[in-house]
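First comes the structure, then the notes that go with it.
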Amino acid sequence: MIMTATRTMNFWKKRIQKRTSNSSKSLQSVDRSRPETMMMQIINECTDSDSSTSTDDTSDWQTIRSWTAGTSVRSRRSHLPHQESRHPTNQANVEEIRDAADVRFGLNTGFSEKNKEELVSDLRGLSVRDAMHKLRAAPLSLSDKREVRRLAFSNTVDDSFIRKHVTCSCCPCVLTMWRRFSFSCLNIRSSLKLWSSPMKKLSGRFGSGVLSYFLFLRTLLFFNLLLSATSGVFLIFPQILHPLSRHHQCTPGTFSGLELLTGTGCFSHSLMFYGYYSNDVIKHCGVDPFKSSGPQKVQSPDDCQMFSYSIPSAYFCTIAFPFFIICIILVYSISKSFGKSFHVLKTSRNQAEKVFCSWDHKVSKKSSVRLQCEKISTQIKEQLSETANGEQEKSCKQRCFSLIVHAIAWTACLTSIVLSAAGVHFLSERTLDQDPEDPKLLILSSVVSGFNLLLPGIFNVCGWLERYESTGTGVYVSIFRQEKNLLLKTSLIGVLCYRWLWRIAEIQQFKCWESFVGQELYRLLLMDFLFTILHTFLGEFVWRLFSKKILKKERKPKFDIALNVLELIYGQTLTWLGVLFAPLLPAVQIIKLFVLFYIKKCSLMLNCQASRKPWRATQMTSLFIALLWFPSFLGAAVSVGYTIGTAKPSSTCGPFRNLTRMFESVQWSKDLETSNTFLFWLRWAYNSLIENQLFLFLISGVLLFMIYFQTQVVDGQRKVICLLEKQIENEGTDKTFLISQLQHLTEQCAD
Amino acid sequence: MGATASQLDKGMLSEYQELTFLTKQEILLAHKRFSELVPKEEIDRINCRIPMSLILTLPELKSNPFNERICKVFSTSDIKDGSLSFDDFLDLLSAFSDSATLEIKSHYAFRIFDFDDDGTLGRHDLEKLVNCLTGGTDDTNLTPDEMRQLIDNILEESDIDKDGTVNLSEFQHVISRSPDFVSSFKIVL
């Protein structure tokens with residue numbers, strides 16, 4: 001945000017470099033005897049010319065002089081018979097003078113010959129690579145760019161020399177190869193970009209709003225890829241190589257399809273869940289094959305080079321490190337998008353911005369273009385009427401009435417949320433007491449998913465009532481309409497977390513409570529997926545048929561972006577909560593997201609139409625990421641941290657079985673520690689930095705100071721920008737004054 | 001220099017890659033689409049120009065209300081009829097591509113919106129711009145009063161030197177406040 005403010009400031013400073021503040025004083029000292037010299041002197045004073053640009057000035061002034069001379073000659077010639085034609089000629093010449101003045105004031109738009117020469121001289125002063133960057137970013141046509149390149153690099157022999165300079169600077173072979181490799185990587189990366197062509201079709205028909213949903217889905221897919229790749233390589237693969245023989249094998253006879261849904265039976269003793277993982281330290285002997293020729297016996301420890309791989313530490317690290325990396329990525333993207341949307345000077349009305357920036361060129365389908373036009377037109381009209389009527393105050397009665405409506409809507413929604421949370425809690429208590437059989441296990445997850453599906457419908461009705469009452473504020477669809485939905489999901493997850501961490505962990509009847517929790521999360525995720533498919537089918541496909549055949553209307557359902565994004569965030573929260581108890585859960589989530597993409601895409605193309613409401617894509621995307629960070633990721637990280645830090649692992653299964661807390665696996669055995677200096681330094685860093693309170697106080701003090709400093713800088717820059725704007729305004733009035741003086745003088749010359 | 005019959009040679013390809021913001025795939029795809037539009041009898045002529053009417057049959061440009069202005073701005077023909085050569089076509093795609101800078105996009109957006117090509121956006125330009133945006137049908141058009149008020153608001157917000165028109169710098173200043181501009185000013189083949 002500081003960079004945006006500095007950039008704005010420098011931008012305006014550059015534009016008003018030629019000041020005319022002393023022009024009024026200088027006019028008094030001007031020689032009024034000869035009109036042409038007077039004009040030249042005025043122009044000289046005003047444009048702050050110094051000796052470095054004197055050569056340019058003389059050519060310009062000669063042009064202006066020839067024009068003014070031409071004016072006088074022409075007007076003298078045409079003085080008698082063509083009195084009326086004098087003025088158009090004068091006017092045309094004044095326009096030319098004004099154009100020349102524009103060039104000097106630096107406000108001309110086109111790239112004239114003079115600018116091209118400036119560009120060429122600039123390029124000569126830079127290194128070849130920077131020069132090529134600058135040339136590429138210049139707003140010239142390709143043929144002009146070729147000409148400039150030829151002029152700027154005219155001392156080189158041929159193109160291959162330029163290419164050589166661009167590609168390598170010091171060590172030819174390595175750097176050329178590296179550059180070729182990175183270019184080819186770039187090409188591969190752009191061709192591998194997942195789903196780019198379906199997304200282009202979707203954005204062509206529905207615009208940037210729907211596109212932001214699918215981009216968010218793709219981002220979540222990459223997060224899950226990161227999680228499953230780390231756990232796959234560091235945890236699952238070693239465990240596969242060293243399976244524990246005491247787990248019972250799965251016979252085909254006992255396998256039924258229901259187990260895919262419930263995660264019990266065969267699955268509970270598979271790699272999927274926590275219980276499978278051993279708490280061994282795998283010691284692999286690297287034996288020298290030439291040492292002994294006889295049959296391999298058990299070597300004594302002195303002969304082997306020990307390569308020890310501790311499964312509990314690996315389990316812990318494959319959770320801790322990806323979480324840490326995801327945390328950093330999320331914080332970085334939030335700060336970047338916040339910086340983009342923060343501006344030092346934000347005007348309250350931004351109609352100019354809307355008119356200049358709102359047309360989305362990606363939309364190509366004719367009906368969508370028409371919809372976009374309607375959308376923009378409605379938006380403009382509503383905003384104009386708002387500013388026209390904005391000052392009308394509501395009467396006391398109207399305000400009371402709107403307050404009452406809001407209170408009723410909120411009470412209804414909050415009551416339904418509390419009731420659903422209580423229902424889930426009650427149901428969970430009942431199922432805890434009973435012995436769970438297979439189909440009944442699905443009841444809790446179905447009920448949770450059912451609440452997630454049905455209650456937002458009620459919230460929509462309440463929201464419609466609120467909007468109906470307040471006039472003209474339905475311009476923006478904001479995710480804050482979904483705040484009740486967000487509350488619902490947060491409370492449901494909260495109740496479930498309480499159930500898992502406090503109730504199930506305490507109950508002795510579960511031999512392996514972590515596997516059970518993992519199975520529950522797996523069931524929740526699957527039920528959520530099934531219910532989403534059901535909702536897509538019913539809500540969009542069946543609704544469209546219904547409205548077409550029965551209601552006989554052509555109105556197709558609209559795709560509710562905010563609702564769908566919240567569903568995605570909910571699923572991702574479940575995955576993050578469950579990765580501790582079921583390491584393969586991110587892989588399940590990847591499959592789910594993949595299938596969901598294609599289902600949503602087909603449903604959109606067949607059933608839905610583009611929304612009429614405007615959608616501010618960038619701000620909404622940053623809001624989605626912020627929501628993913630704050631309730632979702634932080635909540636999951638806190639729960640996982642709490643479980644690792646305080647919950648007692650079960651003693652019969654899993655990699656942490658003989659420890660009082662999962663966290664103790666970090667206190668590695670002595671021989672591991674001494675064998676690896678990296679772990680030793682990590683341990684030292686943890687003990688001295690994170691557990692040391694003084695260090696934390698220092699860090700927070702420094703951060704607070706930096707925040708205060710930055711706010712002061714932004715404040716100062718705001719003031720400077722105001723001053724600079726006033727200066728520009730003054731310069732504008734000076735310019736009009738000078739032009740009128742010039743016109744006056746031209747007319748004087750003509751006489 | 002321009003497109004040869006069916007293939008782009010390697011030298012041309014790397015030159016285009018250096019001078020524009022397009023990747024190799026995008027240039028090859030552009031060449032393919034451009035060659036499809038060239039009439040059969042001119043297919044071997046180097047540096048042929050395609051008339052505006054043919055360019056406007058591309059699905060990405062067909063329904064865009066600014067399509068004629070886009071062709072006229074990027075055309076380098078002497079008669080200013082909006083016909084594009086392959087170089088002009090690449091210029092167009094480069095300015096509308098993913099990696100083009102904000103300065104390039106705002107520069108060309110300004111020229112597209114400048115309907116009378118006088119270097120500034122005056123009241124007439126703004127009026128035509130709003131009519132393009134709202135589609136020109138009766139129920140979406142603004143009334144003259146609304147139009148006047150809207151243009152007054154726009155000038156009040158963006159005209160800093162108070163000369164009654166929006167010049168390039170003021171336009172770029174307004175654009176820089178909007179984070180959506182870069183992503184909406186995109187056309188991908």
Side-chain angles (χ1 to χ4, degrees), chain A residues 8 11 15 107-110 132 135-137 139 141-143 145-146 149 159 163 166 186-187 190-191 200 208 340-341 343 346-347 349-353 355-362 364-366 369-370 373-374 376-377 380-381 384 387 616-619 725 728-729 731-733 735-736, chain B residues 11 14-15 18-21 23-25 59-60 62-66 76 87-88 90-91 96 101 103-104 107-111 113 119 129-130 133-135 140 142 146 149-150 153-154 157-158 160-163 167-169 171 173-181 183-188:
Chain A
T8 324
F11 184 80
R15 287 283 173 254
L107 298 171
N108 202 9
T109 61
M132 292 311 292
L135 181 60
R136 193 196 277 187
S141 69
L142 258 179
S143 43
K145 278 188 198 172
R146 278 200 200 100
R149 191 169 84 150
D159 289 335
R163 232 166 282 135
V166 173
L186 221 70
N187 282 333
S190 57
S191 62
K200 191 208 152 200
S208 309
K340 253 193 270 177
S341 50
H343 288 283
K346 210 147 175 99
T347 52
R349 263 177 331 174
N350 47 3
Q351 274 186 322
E353 191 187 319
V355 165
F356 291 144
C357 309
S358 57
W359 184 262
D360 191 357
H361 290 266
K362 292 199 288 278
S364 50
K365 195 160 181 272
K366 192 162 173 187
V369 167
R370 196 170 29 92
C373 291
E374 281 174 21
I376 293 178
S377 157
I380 292 178
K381 285 190 186 174
L384 281 174
T387 51
R616 302 167 84 174
T618 319
Q619 279 161 325
E725 280 190 352
I728 289 175
E729 202 183 316
E731 205 179 274
T733 38
K735 189 173 96 167
T736 24
Chain B
S14 53
E15 189 187 34
E18 279 169 8
L19 292 178
T20 64
F21 288 103
T23 63
K24 194 164 115 175
Q25 271 95 355
E60 289 84 5
K62 200 152 86 163
S63 319
N64 195 328
F66 299 104
T76 52
D87 284 358
D88 299 335
L90 281 186
D91 270 333
F96 277 97
T101 57
E103 284 78 30
I104 285 258
H107 179 95
Y108 281 111
F110 183 78
R111 285 178 60 190
F113 294 156
L129 170 63
V130 174
L133 285 178
T134 55
T140 52
L142 299 181
E146 286 174 338
Q149 196 192 344
L150 176 65
N153 287 344
I154 293 175
E157 284 172 34
S158 46
I160 300 191
D161 58 1
K162 306 277 182 268
D163 63 348
N167 60 30
L168 178 64
S169 322
F171 182 77
H173 187 228
V174 173
I175 296 282
S176 68
R177 287 204 294 252
S178 157
D180 276 326
F181 176 71
S183 55
S184 65
F185 198 77
K186 257 191 221 169
I187 292 179
V188 179

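So that the names make sense, note that chain A is the first sequence line, chain B the second, and so on, each numbered from 1.
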### Message
Which atoms of B/Phe185 are under 4.5 Å from chain A, going by heavy atoms: the side chain, the backbone, both sets, or neither?
### Response
both

### Message
Which residues pass the side-chain contact (heavy atoms from CB on, under 4.5 Å) test with B/Arg111, not counting sequence neighbours?
### Response
B/Val73, B/His107, B/Tyr108

### Query
Tell me, side chain or backbone of B/Thr76 under 4.5 Å from chain A's heavy atoms, or both, or neither?
side chain

### Message
Is B/Leu150 close to chain A through its backbone or its side chain, or both, or neither, when contacts mean heavy atoms under 4.5 Å?
### Response
both

### Task
Please examine the side chains of B/Glu60 and A/His361, heavy atoms only from C-beta on, and report whether any two atoms are closer than 4.5 Å.
no

### Summary
Sorted by chain and residue number, the side-chain contact (heavy atoms from CB on, under 4.5 Å) partners of B/Ser63 (sequence neighbours excluded) come out as A/Lys366, A/Val369

### Query
Quick one: what part of B/Leu129 sits under 4.5 Å from any heavy atom of chain A, side chain, backbone, both or neither?
side chain

#### Entry: Winner by heavy-atom pair count (cut-off under 4.5 Å) against chain A, out of B/Leu142, B/Leu133, B/Thr101
B/Leu133

### Message
Does any backbone or side-chain atom of A/Thr736 lie under 4.5 Å from a heavy atom of chain B? Answer side chain, backbone, both or neither.
### Response
neither

### Query
When rounded to the nearest 0.5 angstrom, what distance separates CD1 in A/Ile380 from CD in A/Gln351?
7.5 Å

### Summary
Distance col, row B/Arg177:CZ vs B/Ser158:OG, nearest 0.5 angstrom, shows 8.0 Å

### Query
Are B/Pro65 and A/Trp359 side-chain neighbours, meaning at least one heavy-atom pair lies under 4.5 Å?
yes

### Summary
In terms of heavy-atom pairs under 4.5 Å with chain A, the winner among B/Phe21, B/Phe66, B/Phe96, B/Phe113 is B/Phe21

### Query
Is it the side chain or the backbone of B/Lys62 that comes within 4.5 Å of chain A heavy atoms, both, or neither?
neither

